[in-house]
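Chain A is the first sequence line, chain B the second, and so forth, proteins listed ahead of strands; every chain is numbered from 1.
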Amino acid sequence: MSAQITVTVAGSERAVAEQTTAGELFEGDRAVVVARVNGQLRDLFHALADGDVVEPVTVDSEDGLAVLRHSTAHVLAQAVQSLHADAKLGIGPPIRDGFYYDFDVETPFHPDDLKALEKAMQKIINEGQTFERRVVTDADALVELKDEPYKCELVGLKGGNADEAAEGAGVEVGAGELTIYDNIRRDGTRAWGDLCRGPHIPSTKLIGNAFKLMRSAAAYWRGSEKNPQLQRVYGTAWPTKDELKAYLDRLAEAERRDHRRIGAEMDLFSFPDELGSGLVVFHPKGGVIKREMEDYVRRRHIEEGFSYVGTPHISKEALFHTSGHLPYYADTMFPPMELEGAKYQLKAMSCPMHNLIYQSRGRSYRELPLRLFEFGGVYRYEKSGVVHGLTRVRGMTQDDSHSYVTAEQAPAEIKHLLDFVLGLLGDFGLDDFYLELSTRDTEGEKSSKFIGSDEQWEAATKVLEEVATASGLELVPDPGGAAFYGPKISVQARDAIGRTWQMSTIQYDFNQPERFGLEYQAADGSRQQPVMIHSAKFGSIERFLGVLVEHYAGAFPVWLAPVQALGVPVAEDYADYLGEVLDRLKRKGVRVELDASDDRFPKKIRNASKSKVPFTLIAGEDDRAAGAVSFRYRDGSQKNGVPVDDAISEILAAIESRAQV
RNA sequence: GCUGGCGUGGCGCAAUUGGUAGCGCACCUGUCUUGUAAACAGGCGGUUAGGGGUUCGAGUCCCCUCGCCAGCUCCA
């Protein structure tokens, strides 16, 4: 008879035979894919020791999903090598909603290749191969993997910093012992194997048919453009076919929200080829939204103590040398144009020009904080592959503002600005965002780009961090992400397909005041250097508008809607009556339209519905006789016979309160 | 910038192995107009992104440029 050991299973103690595996504890529960043993994720084949604390990890948990997806990535890799014998393996980690695996292959994958790979994967899955863990020494691994140069490179990186060396590499080589996972067929033969930390699901069978390969694209090995590009295949995997379908439906829904699609459908803006890549024109309806945004933020800046200023779109290049921008960003500024022996540059940021306003006369401490603000039209030569709808353009409008303060005033001003930003995001109804704190890199190849003393960086970073933390919002560190002249807090918002974009920013700058020699006279008569705080509330008005379009899927709150009330007469006869109601609204500043076309009533309702106008006002005989109108809302619900005065009040109130209806 | 995929009237799409560009919506004209997502009829509109090549013949094949999409890298 075998000896007994005691383990704690899901909170209660149990005596089991020695050599019992984690999987045996949860036999019969197919949802359990791995186990957490003493806090560590382990395969179900893991043999338990006396005193182990074991928790089941089910496939629908965050960890369980990651394991499922990581195992699916292995199946993909096996499929790739079965179809392309010379494919070399990179890394293959789970990611949000799926996984990827990188391969070095002679010919990049064509979309049709993915179909063939899916078939090969299904075959492997149906074989019910088990994932078996095997500990190897570094030396043995290097021999066994002699045909896998990328894996060998990872063996050399093993240790706590594998993930730093290559994002995702931590799933291949952990901090501890080196392991290889073998895929074993039912007849006991070895189908395939891969250097991997694990853990894995017990059998490929568990993947079922709830996976799909999504796309392929190149990715630089270990994330550096100095390295060769591998071919990355992205896929997704879910516990059930239904969940896979729900995910695919979500993606399809996101595609319908895409601001580039809605922008065209709703006639908001376009990107004419004749202008060039990354340059947008706003059509009248998009112009309304842009103007509402600008009116709002101009008013709010003035309320928050800013003065509205104006500066030109170009400047002699020396200004950007003084500011220090040119050495850093020359390749992303449009090239200079030469006139009268001087080189002029399109501006990519407004701060140097605001510094000139500050500098235009002597400043007293009594003037501080001095706050300047404008809509700066800036141009950046973004690389061709990154230009993207409204979210990454080459010509944009920044609500660029700068607070000049004493060092002592800086913390309060940063808090003031963060409150301002968060209030603005609330007024626009955005809630899917988080804060990011971008700091400098103190080591690594980029560390030299940051200027200023250690003390300055430390002090500035501390101020930003304290204020950001106090907001109570999620705060994500972004080491190395700072601009060369100082750290920043930024608001990151998500687009329809989950990509995040930088929106508002607050940056602490001790460099430009130094470079421009800015000063003010203090109460004691001495000359002091101010601190400059850059802030942008929308960031780029174009980008913010794009994110708004996706957030609302085009169904804007009333105050932003291009057309706020659309009149639809039941028949031609009632157009004049409805027109009078609309005129009254128009006199109150409401944006109205009357559908006086010769379409019939149902068609007009359909058009109104498709236009996403918040209030459709309908009038027929009943309404006219009663001095009323009928509302039709975006959800198709209706309210009939509303007295005209009440109707007007309802619409005005919705605009005033920035309500979504 | 890199890798791959794409580019057909304003929009969404179609066009067997290369054989001489079609459809829906929108738009225009006419008839029509009474209660909540499409009245009917007729019509206009494309040197198939641009340029070059192969071919008797190119939307379909090849090359270059521009633009778009996805990912990677970058992002003051």
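Among the atoms of the strands shown, none is found under 4.0 Å from any heavy atom of A:Asn607. Within 4.0 Å (heavy atoms only), A:Ala571 reaches at least one base atom of the nucleic acid. The residue A:Tyr485 sits close only to the backbone: its heavy atoms come under 4.0 Å of sugar-phosphate atoms, none of a base. If you check every strand for non-hydrogen atoms under 4.0 Å, A:Ser323 touches nothing. Residue A:Ala264 is out of contact with every strand shown, counting any heavy-atom pair closer than 4.0 Å. Among the atoms of the strands shown, base atoms are found under 4.0 Å from some heavy atom of A:Arg632.
Of the two residues contacting RNA chain B, namely A:Gln507 and A:His110, the nearest-nucleotide position lying further toward the 5' end is that of A:His110. Both A:Phe109 and A:Ser224 lie near RNA chain B, and the one whose nearest nucleotide falls closer to the 5' end is A:Phe109.
One interatomic measurement links the two molecules: CD of A:Glu225 to C1' of B:rG1, which rounds to 7 Å at whole-angstrom precision. Counting to the nearest Å, the P atom of B:rA38 and the NZ atom of A:Lys610 are 11 Å from each other. Taking atom CD1 on A:Ile618 and atom C1' on B:rU36, their separation rounds to 6 Å, with Å as the unit. Rounded to whole angstrom, the span from the NZ atom of A:Lys347 across to the P atom of B:rA76 amounts to 18 Å.
Residue side chain A:Lys604 does not reach the base of B:rU36 through any donor-acceptor N/O pair under 3.5 Å, judged by distance alone. Side-chain to base pairing of A:Arg600 with B:rC32: one donor and one acceptor N or O lie within less than 3.5 Å of each other.
With a 4.5 Å cut-off on side-chain heavy atoms, A:Lys612 and A:Tyr552 do not count as touching. Taking the side chain as every heavy atom from C-beta outward, A:Arg69 and A:Phe211 never approach each other to under 4.5 Å.
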Table of protein N/O atoms under 3.5 Å from nucleotides 67-69 of chain B N/O atoms:
| residue | atom | partner | partner atom | Å |
| --- | --- | --- | --- | --- |
| B:rG67 | O2' | A:Asp273 | OD1 | 3.1 |
| B:rC68 | OP1 | A:Ser277 | OG | 3.2 |
| B:rC68 | OP2 | A:Ser277 | OG | 3.0 |
| B:rC69 | OP1 | A:Arg260 | NH1 | 2.8 |

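Between A:His354 and A:Tyr404, the gap from one ring centroid to the other reaches at least 6.0 Å.
The aromatic ring of A:Tyr329 sits over the base of B:rA76, with ring centres less than 5.5 Å apart and planes tilted by under 30°.
Within a 6.0 Å radius of NZ in A:Lys88, other residues, nucleotides and ligands contribute more than 12 heavy atoms.
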